[in-house]
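Beneath this line is the structure, given in structure tokens, with notes to follow.
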2 protein chains.
Amino acid sequence: MAATVHCEQDPALHQERLRALRDATELVSGKWKFGILLNLYNYGAMRFKDLQAASAGITPKVLSKELQDLEDNQLITRTVNATKPVTVSYALTPHALEIQPVINALVEFGLKHRVKIKEQLALAA
Amino acid sequence: MAATVHCEQDPALHQERLRALRDATELVSGKWKFGILLNLYNYGAMRFKDLQAASAGITPKVLSKELQDLEDNQLITRTVNATKPVTVSYALTPHALEIQPVINALVEFGLKHRVKIKEQLALAA
DNA sequence: CTGGATCCTAACTGATACTG
DNA sequence: CAGTATCAGTTAGGATCCAG
């Protein structure tokens, strides 16, 4: 019977929340975007190559596309520096701070889930 | 100059958080999972067809796969009811509560982002 | 009602090489 | 250094039909 865990909202509100959820997930879809953002949170402005190193395994082409997506959604800025060999810096916009709670929540969940998986492996052994 | 918005962590901790982030995003990857979870939060236990209606646009095959993924990750339970035409109920597990903050954060962000986009359209007009 | 089987396509991802 | 071009592989997601 297990009392079902839920909290019913006003239908209209629920629909609005559903739409918001779709918008948000669309925005940060893709395999790398959250990681890129987390790295920028941690290190501040980073250059292309540094981001590539930090996002272990990503290829330049894919990184380039992900960065463009993020820039299009105004979560990061792209700045070309007039240095000897041209360098480019990527940094978070203020708007990107809005998404930080999401990332923190994801990290927390990831940590807990990892523990849970370990417990199961322990039980299975 | 713009003071870069960041907060540097201990490297080892950062790596651990990056891994957790990857784990978590992998878990809820896909176009529909968050929506399914949000609906279950809102309505409690739901049957296959109700979930399909709530996740407007999803096909049975895809819904089936998403539900299996969620069940494999122990975020939902699948219960077969011995009713006349067999029905099946899906409900959240306690573990799924851990992911609720993520969804709330995503919804919040989605709402804010929507407002932001509207502002831009207003400026463009 | 539930959801598997099949087929299909667009999008994502990757390896490698190359340019400004 | 910061990418883009090309080629190729994989796969997520959808359309349709059908079975228990």
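Just so you know, these numbers use all the heavy atoms, side chains as well, and skip hydrogens, waters and symmetry mates. Proteins get letters first, then strands, A, B, ... in listed order; numbering begins at 1 in each.
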Given [options], the nucleotide with the shortest approach to the side chain of [X]:
X: R78(A); options: dA2(D), dG14(D), dT2(C); answer: dA2(D)
X: S64(B); options: dG3(D), dG4(C), dA15(C); answer: dG4(C)
X: Q68(A); options: dT4(D), dG3(C), dC1(D); answer: dT4(D)

- request: Answer with base, sugar-phosphate or nothing: what part of the nucleic acid does G57(A) contact at a heavy-atom distance below 4.0 Å?
  value: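 The answer is nothing, as G57(A) stays clear of every strand by at least 4.0 Å.
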
Check your understanding: If you look at every strand shown and take non-hydrogen atoms under 4.0 Å, does K61(A) touch a base, only sugar-phosphate, or nothing?
Key ->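 It contacts base atoms.
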
Starting from [atom2] on [N], measure out to [atom1] on [X] and report it in whole angstrom.
X: I58(B); N: dG3(C); atom1: CD1; atom2: P; answer: 13 Å
X: D69(B); N: dG13(D); atom1: CG; atom2: P; answer: 9 Å
X: K33(A); N: dA11(C); atom1: NZ; atom2: C1'; answer: 12 Å
X: F48(A); N: dT19(C); atom1: CZ; atom2: C1'; answer: 14 Å
X: L51(B); N: dG3(C); atom1: CG; atom2: P; answer: 10 Å
X: M46(A); N: dG3(D); atom1: CE; atom2: P; answer: 14 Å
X: L63(A); N: dG3(D); atom1: CG; atom2: P; answer: 8 Å
X: E66(A); N: dC12(C); atom1: CD; atom2: C1'; answer: 9 Å

Query raised in the report: Closest nucleotide of DNA chain C for T59(A) versus for S29(A): which of these residues is on the 5' side?
Result: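 Nearest-nucleotide comparison on DNA chain C picks S29(A).
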
Is any side-chain N or O of Y90(A) closer than 4.0 Å to OP1 or OP2 of dG3(D)?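 Checking Y90(A) against dG3(D): at least one side-chain N or O falls below 4.0 Å of OP1 or OP2.
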
Ring geometry between H113(A) and H95(B) (parallel below 30°, tilted from 30 to 60°, perpendicular above 60°) =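 Because their plane-to-plane angle is under 30°, the rings of H95(B) and H113(A) count as parallel.
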
Just by modelled atom types, is the [Y] backbone N or O under 3.5 Å from a matching donor or acceptor in the [X] side chain?
X: T25(B); Y: L21(B); value: yes
X: T93(B); Y: A96(B); value: yes
X: N73(B); Y: D69(B); value: yes

- Between R78(A) and E71(A), is there a salt bridge with N-O shorter than 4.0 Å?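 Not counted as a salt bridge, because no side-chain N and carboxylate O are separated by less than 4.0 Å.
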
Open item on the list: Both P60(B) and K65(B) contact DNA chain D. Which one's nearest nucleotide lies toward the 5' end?
Closed with: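 That would be K65(B).
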
